[in-house]
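Input: a single structure, listed below in C-alpha cells.
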Amino acid sequence: MNSAVLELENGLCLEGMSFGYGGSCSGELVFSTAMVGYPESLTDPSYEGQILCVSYPIVGNYGIPAMTRDEWGVCIGFESEKIHVKGLVISDYSGKFSHYDAVKSLGQWLREEKVPAICGIDTRHLTQILRDNGTLAASIVSTSSGEVPSPTASLRFAPPISDGPLPLSRGWRRSCEGTSPEETGNLAAIVSCKEQILYGKGARRVVLVDCGVKHQILHCLLSRGIEVLRVPWDTDVNDIDADGIMISNGPGDPSACIPAIESVRKAMKGSRPIFGICLGNQIMSIAAGASTYKMKYGHRSHNQPVRMCGTDRCFITSQNHGYAVDTATLNEDWEPWFVNLNDGTSEGIRHRSKPFFSAQFHPEASSGPTDTEFLFDEFISAL
C-alpha cells in the first residue's frame with residue numbers, strides 16, 4: 001500500500017495508506033455509523049458524488065460476494081450495478097477476509113472499480129469534526145497519483161480542529177478528478193435508468209420513478225407479486241397505465257428534480273396511490289407545496305429511532321439523506337406521519353384523505369430486521 005492523504009476543505013490533512021485505486025478524488029465528505037453492509041453502502045446511488053467515512057473501526061473482514069441475480073434479473077447483495085461513492089475513508093482495513101460468500105477483497109473490488117480509498121485514519125475523530133463543522137468537501141490523494149500535501153495531523157491521533165480555518169495546502173485539490181458538490185448539478189439524473197425496464201408479472205402494476213433506486217426496493221415489490229415498470233426520473237407518470245406510483249430514493253437536492261416534482265404534482269390531482277421513499281419523500285413534499293432544507297450533516301446510519309405520529313410506536317430505521325422536509329410548510333391537506341426521535345426532523349408525511357404517503361427512512365433496509373417493511377404492504381393494499 002502507498003501512503004495517502006485525506007484533505008478537508010478547512011485545510012486539515014490526515015495521513016493514511018491507500019488500499020483502493022491509486023488515483024485521486026474529490027467530493028462531499030459524509031459519515032455513516034453502520035457496523036456492517038459496506039457492499040450495500042458503496043453501491044447505494046444515494047452516495048453518488050460523495051466520499052464516505054465509515055465510523056465503525058473494522059471494514060473489509062467479510063470481503064465482497066459475487067454479483068448474483070434473482071429470478072427477476074436484479075442483483076443480490078448490492079444496491080445497484082456499480083460503486084457510487086467517489087472515495088472511501090476507514091480506520092482498520094482487513095485485507096484477509098473470511099465469509100462463505102466472499103470471492104474477492106474490498107481492496108481488490110475498489111481497484112477494479114477505480115475508487116480511491118484510505119485507511120489508517122482516526123474515523124471516530126473525523127466523525128466528530130464533521131459533526132462540529134457539518135458536511136465538508138474533501139479529497140483523497142495517494143503517492144501513486146502525484147504530489148501529496150504534507151499532513152497537518154498524525155496518522156491516528158489528530159489534534160482537535162482549531163477555532164479558525166487551517167491554511168490550505170498547495171492547491172493540488174483543484175486538479176483532482178471529479179467535481180465539487182456544488183458543480184455536480186442534478187445527481188438523480190446521473191444515477192437514474194436511461195430507459196424503461198419492466199420486471200415481473202402480476203395482477204397489479206406499479207410505475208417506479210427511478211431517482212437512484214436501491215435494488216432492495218425492487219425486491220420488496222417483486223416478492224409481493226407486483227409488476228414493476230421502472231422509468232427514468234423525468235418521466236411523466238400520468239401518461240403510464242399503472243395501479244400505483246412509487247418515487248424512489250436518490251442523491252442530491254430534491255429541488256433539482258423539477259420534472260419529477262411536476263409529474264407528481266399532476267398525479268396528486270387523481271387518486272392513484274403514491275408512495276415516496278427518501279428523495280421520493282422530499283419530491284412528494286415539494287409537489288404538495290412544502291419546502292426542504294439541507295441538513296448540517298444528514299442522516300447516514302442504522303438504528304435511527306423513528307416514531308409514528310400520534311402513537312407510541314417506535315421503529316428502528318436505516319437512513320441516507322442530506323436534505324429534510326420542513327413540515328411546518330405543509331398545507332392542511334397533509335400531516336406529519338413519522339418523526340425522528342433524535343433531532344425531531346420529519347421522517348414522512350401522508351395525505352389526510354387520499355392514498356398518498358412517504359417515508360424519509362428506508363423501509364426496505366431490514367433494520368429491525370423488518371420493522372417498517374409493512375409500508376410496502378400498506379401501499380400494495382391501497383392499489
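Note that the numbering runs from 1 along the sequence shown for the chain. All values reported here derive from a predicted model rather than from experimental measurement.
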Margin query: Quick check against the 3.5 Å criterion: does N2 have a side-chain atom that pairs as donor or acceptor with the backbone of M17?
Written below: no

Next item on the list: Answer yes if the side chains of E28 and Q50 hold a donor-acceptor pair under 3.5 Å, and no otherwise.
Entry: yes

Check: Should we count NZ of K269 as having more than 12 external heavy atoms under 6.0 Å?
Finding: no

Notebook entry, point to check: Does any donor atom in the side chain of S358 or N281 lie under 3.5 Å from an acceptor atom in the other side chain?
Noted result: yes

Checklist line | From S91 atom OG to R124 atom CZ, the distance as rounded to the nearest 0.5 Å | finding: 8.0 Å

Notebook entry, point to check: Does G310 offer a backbone N or O that forms a donor-acceptor pair with the side chain of R313 under 3.5 Å?
Noted result: no

Note to self: Whether the side chain of T329 engages the backbone of D326 through a donor-acceptor N/O pair (distance < 3.5 Å, no angle test) should be reported.
What the structure shows: yes

Margin query: I'd like to know if the side chain of N249 pairs up with that of H362 as donor and acceptor (distance under 3.5 Å, no hydrogens or angles considered).
Written below: no

Margin query: Would the distance check show the side chain of S301 and the main-chain N or O of S32 forming a donor-acceptor pair, the cut-off being under 3.5 Å?
Written below: no

Notebook entry, point to check: How are the rings of F379 and F357 set relative to one another: parallel (under 30°), tilted (30 to 60°) or perpendicular (over 60°)?
Noted result: perpendicular

Residues 201-212, side-chain donor-acceptor partners within the protein, below 3.5 Å, at least two apart:
unit_1, atom_1, unit_2, atom_2, d
R205, NE, E227, OE2, 2.7
R205, NH2, E227, OE2, 2.9
D210, OD1, G212, N, 2.8
D210, OD1, V213, N, 2.8
D210, OD2, C193, N, 2.9
D210, OD2, R230, NE, 2.9
D210, OD2, R230, NH2, 3.1

Check: Just checking, is any N or O donor in the side chain of H299 or D343 under 3.5 Å from an acceptor N or O on the other one?
Finding: yes

Next item on the list: For E79 and H215, test the side chains for any donor-to-acceptor distance below 3.5 angstrom and give the result as yes or no.
Entry: no

Notebook entry, point to check: Below 4.5 Å, heavy atoms only, C-beta onward: do K214 and D44 meet side chain to side chain?
Noted result: yes

Item checked: Backbone N/O of V74 and side chain of D70: donor-acceptor pair under 3.5 Å -> yes

Item checked: NZ/NE/NH1/NH2 to OD/OE distance under 4.0 Å, D253 and K294 -> no

Checklist line | Pairwise distance CD1(I316) to NE2(H302) - rounded to 0.5 angstrom | finding: 11.5 Å

Notebook entry, point to check: Is the closest side-chain heavy-atom distance between T317 and E347 below 4.5 Å?
Noted result: no

Margin query: With rounding to the nearest 0.5 angstrom, report the CG to CE distance, L279 to M284.
Written below: 12.5 Å

Item checked: Side-chain donor/acceptor of S94 to backbone N/O of K96, under 3.5 Å -> no

Next item on the list: Using a 4.5 Å cut-off on heavy atoms from C-beta on, say whether the side chain of I349 contacts that of E335.
Entry: no

Note to self: Taking NZ in K104 as the centre, count heavy atoms belonging to other residues, nucleotides or ligands within less than 6.0 Å. Is the count above 12?
What the structure shows: yes

Check: Step by step, would you call L88 with F19 a side-chain contact (heavy atoms from CB on, under 4.5 Å)?
Finding: CA-CA 10 Å; L88 179 64; F19 71 96; 4.1 Å; yes

Check: Does atom CG of D241 have more than 12 heavy-atom neighbours from other groups under 6.0 Å away?
Finding: no

Note to self: Could you go through L29 and L126, starting from their C-alpha distance and side-chain angles, then the distance that decides it, and tell me whether this counts as side-chain contact (heavy atoms from CB on, under 4.5 Å)?
What the structure shows: CA-CA 10 Å; L29 180 63; L126 181 57; 4.1 Å; yes

Check: Same cluster or not: are V36 and L110 linked, directly or through other Ile, Leu, Val, Met, Phe, Trp or Tyr residues, by side-chain heavy atoms under 4.5 angstrom apart?
Finding: yes

Check: What closest approach, in Å, do G270 and K354 show between heavy atoms, and which atom pair accounts for it?
Finding: O-NZ, 3.2 Å

Notebook entry, point to check: Are F315 and F374 close enough that their ring centres sit under 6.0 Å apart?
Noted result: yes

Notebook entry, point to check: Going by distance alone, is a donor N or O of one side chain under 3.5 Å from an acceptor N or O of the other, for T43 and E40?
Noted result: no

Margin query: What's the separation between atom CH2 in W72 and atom CG in L221, rounded to the nearest 0.5 Å?
Written below: 10.0 Å

Next item on the list: Decide whether I247 and L383 are clustered together by the hydrophobic rule: side chain heavy atoms of Ile, Leu, Val, Met, Phe, Trp, Tyr closer than 4.5 Å, transitively.
Entry: no

Margin query: Please determine whether residues L187 and W233 belong to a single hydrophobic cluster, defined as Ile, Leu, Val, Met, Phe, Trp and Tyr linked transitively by side-chain heavy-atom distances below 4.5 Å.
Written below: no

Item checked: Pairwise side-chain contact, P39 with F78, heavy-atom cut-off 4.5 Å (strictly under) -> yes

Checklist line | Heavy-atom side-chain proximity of Y47 to N320 below 4.5 angstrom | finding: yes

Notebook entry, point to check: Do E364 and F376 have side-chain heavy atoms sitting under 4.5 Å apart?
Noted result: yes

Notebook entry, point to check: OH of Y100: more than 12 outside heavy atoms within 6.0 angstrom?
Noted result: no

Notebook entry, point to check: Are the ring centres of F361 and F338 closer than 6.0 Å?
Noted result: yes

Notebook entry, point to check: Can Y93 and L106 be said to form a side-chain contact (heavy atoms from CB on, under 4.5 Å), step by step?
Noted result: CA-CA 9 Å; Y93 171 58; L106 172 60; 3.9 Å; yes

Notebook entry, point to check: Mind checking whether E81 and M67 have side chains closer than 4.5 Å, heavy atoms only?
Noted result: yes

Check: To the nearest 0.5 Å, what is the distance between CD1 (I277) and CE (M246)?
Finding: 4.5 Å

Margin query: With rounding to the nearest 0.5 angstrom, report the CZ to CG distance, R265 to N238.
Written below: 12.0 Å

Notebook entry, point to check: Between I118 and S18, is any pair of side-chain heavy atoms under 4.5 Å apart?
Noted result: no

Check: Does the pair F97 and Y62 meet the rule for a ring pair (Phe, Tyr, Trp, His ring centres under 6.0 Å), with working shown?
Finding: CA-CA 5 Å; F97 56 90; Y62 57 87; 9.8 Å; no

Item checked: R224/E373 salt bridge by N-O under 4.0 Å criterion -> yes

Item checked: Heavy-atom pair with the smallest gap, counting every atom of S381 and E378 -> OG-O, 2.8 Å

Next item on the list: Establish whether W109 and V59 are linked, either directly or via other cluster members, by ILVMFWY side-chain heavy-atom contacts under 4.5 Å.
Entry: yes

Next item on the list: Verify the cluster assignment for I197 and I240: are they in a single hydrophobic cluster under the rule of side-chain heavy atoms below 4.5 Å apart?
Entry: no

Next item on the list: Report the C-alpha distance between W334 and R352 in whole Å, list the side-chain angles of each, state the deciding distance to 0.1 Å, and finish with yes or no for side-chain contact (heavy atoms from CB on, under 4.5 Å).
Entry: CA-CA 6 Å; W334 295 81; R352 294 182 185 274; 5.9 Å; no

Check: Between Q319 and H321, is any side-chain donor less than 3.5 angstrom from a side-chain acceptor?
Finding: yes

